[in-house]
Amino acid sequence: MKHSTNPSTRHGRRPADRPTRHGRGPAHRIGRTLALVLPVVLVLSGTLAVVRVPWSGSDSSASVLAASAENASSRPASRAPQDVLRDQLLLELQEKDATVALTHLQEAVNGRPSLARHCASIARSLGRAAVAKYGPSRAQSFSRPVCDTSFATGVADGQG
């Protein structure tokens, strides 16, 4: 009986650089190690990042955050259509009168139905602005059934 001197069969072991019969070689071992270690590294680095944030605001680096917020606010921000409309109508109310602003609000809602859900809050804002401009009794005289009674509600809010 002859004994084998082939290293691949001696003692039932295979060389490390050759895959086993299941196709698991060095790449499999590396992948398995990364699969175990990588999530731990990611969790720890995320935890350390959160710990470094000065949540209390007592850190001197908070001024850096405030400065970056100032820069961000100085850039023109895209505004929601309802906010743009509200600003335009409040300006019209100041320059012209509440009738013009309410008419344009109704036209905007009719032309763009997606603004209908914001109509009441815009009309209330116009009502409060009308009280500031005309006084409560004169502001109430502009009331119309635009967005139900929201303008009148804004007038009532502006009185208190």
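Since the model is a prediction, treat every value here as computed from it, not as a measurement.
Counting all heavy atoms, side chain and backbone alike, Val155 lies closest to Pro136 at CG1-O, 4.0 Å. Of all non-hydrogen atoms in Leu89 and Leu105, the two that sit nearest each other are CD1-CB, 3.6 Å. The two residues Ser125 and Leu90 make their nearest non-hydrogen contact at O-CD2, 3.8 Å.
For the atom pair Ile122 CD1 and Arg117 CZ, the distance stands at 11.5 Å (nearest 0.5 Å). For the atom pair Gln82 CD and Cys119 SG, the distance stands at 12.0 Å (nearest 0.5 Å).
Taking the side chain as every heavy atom from C-beta outward, Tyr134 and Asp97 approach each other to under 4.5 Å. Side-chain contact between Gln88 and Leu85: present, with at least one pair of heavy atoms (C-beta onward) separated by less than 4.5 Å.
A donor-acceptor pair is defined here as one N or O able to donate and one able to accept, closer than 3.5 Å; no such pair exists between the side chain of Asp83 and the backbone of Arg86. Listed for the Lys133 side chain is a donor-acceptor partner under 3.5 Å among the backbone atoms of Gln94.
Counting only N and O atoms by type, the side chains of Gln140 and Ser143 include a donor and acceptor under 3.5 Å apart.
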